[in-house]
Amino acid sequence: LVERKVVVEEFTGTGCGWCPRGLIGMDNLRNTFGDRFVGIAIHQYNSSDAMYIGSSAYAKHGMTSAPSCRLNRGEVLDPYYGSGDDIRNDFAAAMAVPALAKINVSGTIDEELKKVNAKAQVEALLDGSEYTLEFVVIGDGLKGTGSAWNQANYYSSNYSASQLPEDLAIFGNGGKYGTSTITGWSFNDVALVSSYVSGSNKAPKLGVLSAGEQKEAEYTLTMPTKTSLKTAVKDAELYIVAMLVDKQKHIVNAAKAAITVEDPSGMENVNVAESEQTAHYTLD
């Protein structure tokens, strides 16, 4: 059996006043399921959002209201309540579905934080497997100052802290963040750039794979150039995500790895002794 990771793509934005519950829902999934959870927060609700990513710079997700999410590109759900009263129940069900392929990923970034080089290794488990590969760079711990980083909060004007579930009480009137605008929040799982350019996925094609066949693919992603976001990225934790998508547009498996900084200096730090010839030998 191959371990299956579940991708949770969340449609959100700083201008969405009900989206604070999505922030908590995603954190609940992370805390409960650890590295089996691959969160991707797609900030497309409002273009004034500091973390806004254009619709042509990410795969079409079909979500139009915020907050909402899809697990492995299945049905649209609430990122806090799910299909019932807890998104974690839906996640556990998705996690129990057998994976149909193996995938690993790694990523490096240059010292100027401009280019991410992503490498994926894929192994099919079934004959005739045909998948599309997608890459996404996400950031944890993004924060900044100014209105573009302020999260709208409707809970403060509609509920007191005591009326809300314990993990949402911080957003109600009287809670720690019980104001109409939340400042200083640290955003996680933020989609920064993907292999989609001008609405088209540019990641390498895998072709049709046989059971046990392995394939490697490499792709370079260009990081955002917006000044406020570049500043936040410097202090954030960056990850590369690789996803395998089937013909029905569902994610069959995914991988996530921390991005490391390339060392272009090579062996500059190696101590080199002065050259001094003391003897010379031949094969005789």
Side-chain angles (χ1 to χ4, degrees), residues 4-46 49 51-53 55 58-97 136 138 140 142 150-182 185-191 241 243 248-251 254 256:
R4 181 187 182 95
K5 288 181 168 60
V6 177
V7 176
V8 183
E9 293 171 299
E10 180 200 21
F11 179 55
T12 186
T14 56
C16 166
W18 298 115
C19 283
R21 75 170 179 268
L23 298 174
I24 299 302
M26 296 286 273
D27 281 347
N28 287 345
L29 290 172
R30 175 201 301 266
N31 295 334
T32 302
F33 298 102
D35 63 3
R36 299 290 296 273
F37 162 73
V38 179
I40 303 176
I42 309 166
H43 285 249
Q44 288 180 345
Y45 180 80
N46 55 296
D49 189 330
M51 297 158 284
Y52 178 78
I53 181 170
S55 58
Y58 194 86
K60 293 181 180 179
H61 48 71
M63 294 178 282
T64 56
S65 61
S68 56
C69 74
R70 298 179 70 185
L71 278 61
N72 287 336
R73 296 190 180 162
E75 63 177 309
V76 177
L77 303 171
D78 185 279
Y80 180 83
Y81 295 108
S83 59
D85 57 5
D86 195 330
I87 186 65
R88 287 172 286 197
N89 296 330
D90 299 276
F91 189 97
M95 194 170 62
V97 177
V136 185
I138 61 173
D140 282 357
L142 270 74
N150 294 343
Q151 175 66 54
N153 177 26
Y154 293 161
Y155 286 94
S156 64
S157 58
N158 288 275
Y159 300 94
S160 66
S162 61
Q163 292 176 303
L164 294 169
E166 184 178 357
D167 52 2
L168 295 182
I170 57 173
F171 302 123
N173 187 15
K176 181 180 179 180
Y177 295 101
T179 56
S180 60
T181 301
I182 299 171
W185 190 268
S186 181
F187 294 89
N188 294 326
D189 311 310
V190 178
V241 172
M243 298 177 285
Q248 288 72 43
K249 307 300 183 183
H250 294 149
I251 298 170
K256 175 183 174 181

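Partner of E9 under the salt bridge (Lys or Arg N to Asp or Glu O under 4.0 Å) criterion, out of R70, K249, R73, K60: R73 alone.
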Audit row: I40, M243, side chain to side chain contact (heavy atoms under 4.5 Å, CB included) steps and yes/no: CA-CA 11 Å; I40 303 176; M243 298 177 285; 4.0 Å; yes
Would N158 and Q163 satisfy side chain to side chain contact (heavy atoms under 4.5 Å, CB included), going step by step from the backbone distance to the final call? CA-CA 10 Å; N158 288 275; Q163 292 176 303; over 6 Å; no
Go through the steps for I138 and K256 under the test side chain to side chain contact (heavy atoms under 4.5 Å, CB included), then give the verdict. CA-CA 10 Å; I138 61 173; K256 175 183 174 181; 3.9 Å; yes
Should N28 and I87 be marked as a side chain to side chain contact (heavy atoms under 4.5 Å, CB included) after you check the CA-CA gap, both sets of side-chain angles, and the distance that decides it? CA-CA 9 Å; N28 287 345; I87 186 65; 5.6 Å; no
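What you find for Y81 and R21 is that their closest heavy atoms are CE1-CD, 3.9 Å. Across all their heavy atoms, P20 and C16 have their closest contact at CD-O, 3.8 Å. In terms of heavy atoms, S83 sits closest to D90 at OG-OD1, 2.5 Å. Shown here for A161 and G175, the closest heavy-atom pair between the two residues is CB-N, 3.9 Å. The nearest pair of heavy atoms linking M26 to G39 is CE-CA, 3.9 Å.
For the atom pair I170 CD1 and I24 CD1, the distance stands at 4.5 Å (nearest 0.5 Å). Taken to the nearest 0.5 Å, the CD atom of Q151 stands 6.0 Å off from the OG1 atom of T12. Atoms CG and CG, on D167 and L23 in that order, are 12.0 Å from each other to the nearest 0.5 Å. How far SG of C19 is from CG of D49: 9.5 Å, rounded to the nearest 0.5 Å. Distance CD/E10 to NE2/H43: 7.0 Å, rounded to 0.5 Å. Rounded to the nearest 0.5 Å, atoms CG (L29) and CG (L71) are 7.0 Å apart.
N153 places no side-chain N or O within donor-acceptor distance of the main-chain N or O of T181, the cut-off being under 3.5 Å. No donor-acceptor pair closer than 3.5 Å links the side chain of Q44 to the backbone N or O of T64. N72 places no side-chain N or O within 3.5 Å of a backbone atom of V6 that could act as its donor or acceptor partner.
Using a 30° and 60° split on the angle between ring planes, W185 and F171 fall in the tilted class, from 30° to 60°. Note: Y155 and W18 have perpendicular aromatic rings, judged against thresholds of 30 and 60 degrees for the angle between ring planes. Ring planes of F11 and H61: tilted class, angle from 30 to 60°.
Within the 4.5 Å cutoff, the side chain of S157 has no heavy atoms near those of the S180 side chain. Between M51 and L142 the shortest side-chain heavy-atom distance falls below 4.5 Å. Contact check for F37 versus T32: no side-chain heavy atoms found under the 4.5 Å cut-off. With contacts defined as side-chain heavy-atom distances shorter than 4.5 Å, the pair N46/T14 qualifies. Put simply, the side chain of D140 reaches to within 4.5 Å of the side chain of R30, judged on heavy atoms.
With a 6.0 Å radius and a threshold of 12 heavy atoms from other residues, nucleotides or ligands, F33 has its CZ atom above the threshold.
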